[in-house]
There are 2 protein chains.
Amino acid sequence: MNNAKKKRLEANGWKVGSTDEFLNLSPEEASYIELKLALSKALQDLRKSKNLTQVDVAKRIKSSQSRVAKMEAGDSSVTMDLMFRSMFALGASRKKVVGMLV
Amino acid sequence: MNNAKKKRLEANGWKVGSTDEFLNLSPEEASYIELKLALSKALQDLRKSKNLTQVDVAKRIKSSQSRVAKMEAGDSSVTMDLMFRSMFALGASRKKVVGMLV
DNA sequence: CAAATATATGTCATATATGACATATATCCA
DNA sequence: TGGATATATGTCATATATGACATATATTTG
């Protein structure tokens with residue numbers, strides 16, 4: 001994990017150690033966070049591929065633009081449940097969704 | 001979706017329509033729930049393949065046996081985040097985890 | 001460039017998930 | 001069988017996620 005990624009993680013509310021780089025980020029936590037970031041990226045890619053705005057997505061899932069923005073940013077305050085739901089709401093199949101996480 | 005599955009869903013706290021079978025369960029909700037159930041099954045399979053008890057898993061993720069049981073039951077009160085975290089805590093790789101969801 | 005449109009960030013009150021606990025039920029095995 | 005071990009179910013106080021809102025900052029378009 002490079003420094004830019006670490007900065008992005010910290011910016012999104014993840015605890016990635018202060019003095020030392022990320023020794024206190026266990027492998028399993030790292031895997032989880034990286035999968036979640038992949039999911040947030042997948043959601044954004046999917047939305048863009050359909051030429052939809054965050055407001056459009058928000059309407060479909062009865063949420064708000066700000067929450068969609070947070071999903072796409074991989075913010076620590078959003079669950080993967082909401083992200084998966086959003087992708088399905090955009091018409092993606094399970095195969096498609098899972099495929100975007102490989 | 002057959003009746004047995006519906007019963008299982010309802011038992012786990014999912015709202016799957018009362019009078020009519022499951023007309024009020026939109027395709028995206030169905031996809032989400034089915035993915036989550038696949039994940040709960042994957043977690044259980046993984047645990048059993050390692051010959052661990054729910055208590056063992058609970059210790060590794062600093063949770064409780066009851067919560068692990070709920071994860072494996074696909075209970076509506078548990079997030080996919082916790083399930084993914086658990087699988088990673090059992091040593092599964094992202095490739096492995098994602099592969100179990102295909 | 002400026003206006004319009006899109007996205008990001010911060011905060012709140014409320015809803016939901018969490019670990020913990022008690023206890024019920026199932027499964028194992030001597 | 002019955003005691004031991006494992007899993008399921010229900011509940012609670014607390015922690016965290018949620019939609020909504022305001023508003024800041026980009027990005028597009030004319």
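Each chain gets a letter, A, B and so on, in the order its sequence line appears, and its residues count up from 1.
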Legend entry - Main-chain N/O of Ala42(A) paired to Asp45(A) side chain as donor or acceptor, under 3.5 Å: no

Legend entry - Closest non-hydrogen atom pair between Val78(A) and Arg67(A), with its separation: CG1-NH1, 3.5 Å

Legend entry - Side-chain heavy-atom pair Thr79(B), Met80(A) within 4.5 angstrom cut-off: no

Inset, instruction - Please examine the side chains of Ser40(B) and Leu37(B), heavy atoms only from C-beta on, and report whether any two atoms are closer than 4.5 Å. - result: yes

Inset, instruction - Within residues 42-57 of chain B, find the residues that approach DNA chain C with a heavy atom at under 4.0 Å, and present them sorted by residue number. - result: none

Enumerate all atom pairs, one protein N or O and one N or O from nucleotides 17-19 of chain C, separated by less than 3.5 Å.
residue, atom, partner, partner atom, Å
dT18(C), OP1, Thr79(B), OG1, 2.6
dT18(C), OP2, Ser77(B), O, 3.2
dT18(C), OP2, Thr79(B), N, 2.9
dG19(C), OP2, Ser63(B), OG, 2.8
dG19(C), N7, Arg67(B), NE, 3.1

Legend entry - Check: dA8(C) base within 3.5 Å donor-acceptor of Gln65(A) side chain: yes

Inset, instruction - For the helix from dC1(C)-dG30(D) to dA30(C)-dT1(D), measure the angle between the helix axis at one end and the axis at the other, each built from five pairs, rounding to 10°. - result: 60°

Legend entry - 4.5 Å side-chain heavy-atom contact, Lys50(B) and Asp56(B): no

Legend entry - Exam field: side chain Glu34(A) to backbone Ser31(A), donor-acceptor pair closer than 3.5 Å: no

Inset, instruction - Sequence neighbours left out, what passes salt bridge (Lys or Arg N to Asp or Glu O under 4.0 Å) with Asp81(B)? Give chain and number order. - result: Lys36(A)

Legend entry - Within residues 82-100 of chain A or reaching into it, pairs that qualify as side-chain hydrogen bond (donor to acceptor under 3.5 Å, both in side chains) - sequence neighbours excluded: none

Inset, instruction - Not counting sequence neighbours, which residues clear side chain to side chain contact (heavy atoms under 4.5 Å, CB included) with Gln54(A)? List them please. - result: Arg47(A), Gln65(A), Val68(A), Ala69(A), Glu72(A)

Inset, instruction - Mark yes or no for whether Glu29(B), through its side chain, and Ser26(B), through its backbone, hold a donor-acceptor pair below 3.5 Å. - result: yes

